[in-house]
Amino acid sequence: MTDIVIAQTTSDSEDLAKALARGAVESKLAAGVHIDGPITAHYWWEDKVEAAQEWRISYMTTSDRLPALEAWLHEKHPYDVPQWITLPVTGGSEAYLSWVAEETASG
């Protein structure tokens, strides 16, 4: 079976989060996307601690589609350094994991 991963980024607006979610699904780069938020982020930026309201975007995809999703995201995302992390999926419903693989295979 194809390796399934969850890739995550954040956005400073709900509208941008929705656009980044919809675009990835329409492009078959992700089978599905969850948007959580708003959340509060605290981080170092330009030598000071910042706090901001953000939305977390989680993409369900395959390891095969991950490089294309990452390239697409970096092209579309307005942040200088967008968060980009990936989490391996080590288990789950066989039907759901198969669906993720099927939906991203035709991309």
Side-chain angles (χ1 to χ4, degrees):
M1 168 165 268
T2 303
D3 290 335
I4 306 299
V5 296
I6 298 172
Q8 292 185 332
T9 192
T10 57
S11 166
D12 63 356
S13 82
E14 185 176 14
D15 287 343
L16 176 59
K18 288 177 180 179
L20 292 172
R22 185 173 186 89
V25 172
E26 287 175 342
S27 300
K28 294 286 193 174
L29 296 169
V33 181
H34 292 153
I35 299 171
D36 302 313
I39 59 175
T40 302
H42 296 267
Y43 53 92
W44 279 101
W45 186 250
E46 297 181 351
D47 296 325
K48 63 183 178 181
V49 175
E50 298 283 348
Q53 184 172 316
E54 292 185 316
W55 283 259
R56 180 182 303 115
I57 308 161
S58 300
Y59 300 93
M60 276 56 80
T61 192
T62 62
S63 56
D64 291 343
R65 295 298 281 155
L66 192 57
L69 175 60
E70 182 176 8
W72 177 89
L73 185 280
H74 285 288
E75 178 183 304
K76 304 290 184 191
H77 205 296
Y79 286 11
D80 291 338
V81 183
Q83 173 186 306
W84 185 252
I85 61 169
T86 60
L87 308 165
V89 174
T90 60
S93 156
E94 184 176 324
Y96 180 79
L97 300 178
S98 293
W99 172 78
V100 171
E102 289 168 17
E103 289 303 317
T104 57
S106 61

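Note that the coordinates shown come from a computational prediction; the quantities given were computed from them, not determined experimentally.
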Query - For Gly32 against Val25, the heavy-atom pair lying closest together - result: CA-CG2, 4.2 Å

Query raised in the report: Looking at residues at least two apart in the chain, or sitting in another chain, which of them share a salt bridge (Lys or Arg N to Asp or Glu O under 4.0 Å) with Glu26?
Result: Arg22

Query raised in the report: Which residues satisfy the salt bridge (Lys or Arg N to Asp or Glu O under 4.0 Å) test with Asp12, sequence neighbours excluded?
Result: none

Query raised in the report: Is atom NE2 of His74 surrounded by more than 12 heavy atoms (other residues, nucleotides or ligands) closer than 6.0 Å?
Result: yes

Report summary line: Closest non-hydrogen contact found for Pro88 with Val5 is CA-CG1, 4.4 Å

Query - Spatial distance of atom CD (Gln83) from atom NE2 (His77) [nearest 0.5 Å] - result: 8.5 Å

Query - Closest contact, heavy atoms only, Ser58 versus Ile6 - result: CB-CG2, 3.9 Å

Query - Inter-residue atom distance Asp3.CG - Thr86.OG1, 0.5 Å rounding - result: 11.5 Å

Query raised in the report: Are the side chains of Ile57 and Gln8 in touch, meaning some heavy atoms are under 4.5 Å apart?
Result: no

Query raised in the report: Which residues satisfy the side-chain contact (heavy atoms from CB on, under 4.5 Å) test with Ile39, sequence neighbours excluded?
Result: Glu54, Arg56

Report summary line: Here the gap from Ile4 atom CD1 to Asp64 atom CG, rounded to the nearest 0.5 Å, amounts to 9.0 Å

Requested in this report: Please name the pair of heavy atoms, one in Pro82 and one in Thr9, separated by the smallest distance, quoted to 0.1 Å.
Outcome: CB-OG1, 4.0 Å

Query raised in the report: By the rule that ILVMFWY residues connect when side-chain heavy atoms come within less than 4.5 angstrom, directly or transitively, which residues belong alongside Tyr79?
Result: none

Report task. Check the pair Leu29 / Thr61 against side chain to side chain contact (heavy atoms under 4.5 Å, CB included), numbers first and verdict last. Result -> CA-CA 7 Å; Leu29 296 169; Thr61 192; 5.6 Å; no

Report task. Report yes if the side chains of Leu20 and Leu73 come closer than 4.5 Å at any heavy-atom pair, otherwise no. Result -> yes

Report task. Report the relative orientation of the aromatic rings in Tyr59 and Trp84; use parallel for angles under 30°, tilted for 30 to 60°, perpendicular for over 60°. Result -> tilted

Query raised in the report: Can you name the residues that form a salt bridge (Lys or Arg N to Asp or Glu O under 4.0 Å) with Lys18, not counting sequence neighbours?
Result: Glu14

Query raised in the report: Is Ser11 reaching over with its side chain to a backbone N or O of Trp55, donor-acceptor style, under 3.5 angstrom?
Result: no

Query raised in the report: Going by an N to O cut-off under 4.0 Å, is there a salt bridge joining Glu50 and Lys48?
Result: yes

Query - Nonpolar side-chain network containing Trp45, other nodes, edges under 4.5 Å - result: Tyr43, Val81

**Report entry** Where Thr104 and Ala30 come nearest, the two heavy atoms and their spacing
**Finding:** CG2-C, 3.7 Å

Report task. Check Trp72 against Ser27 and note the closest heavy-atom contact, atom names and distance. Result -> NE1-OG, 4.2 Å

Query raised in the report: If you round to the nearest 0.5 Å, how far is OG of Ser63 from CG of Leu69?
Result: 12.0 Å

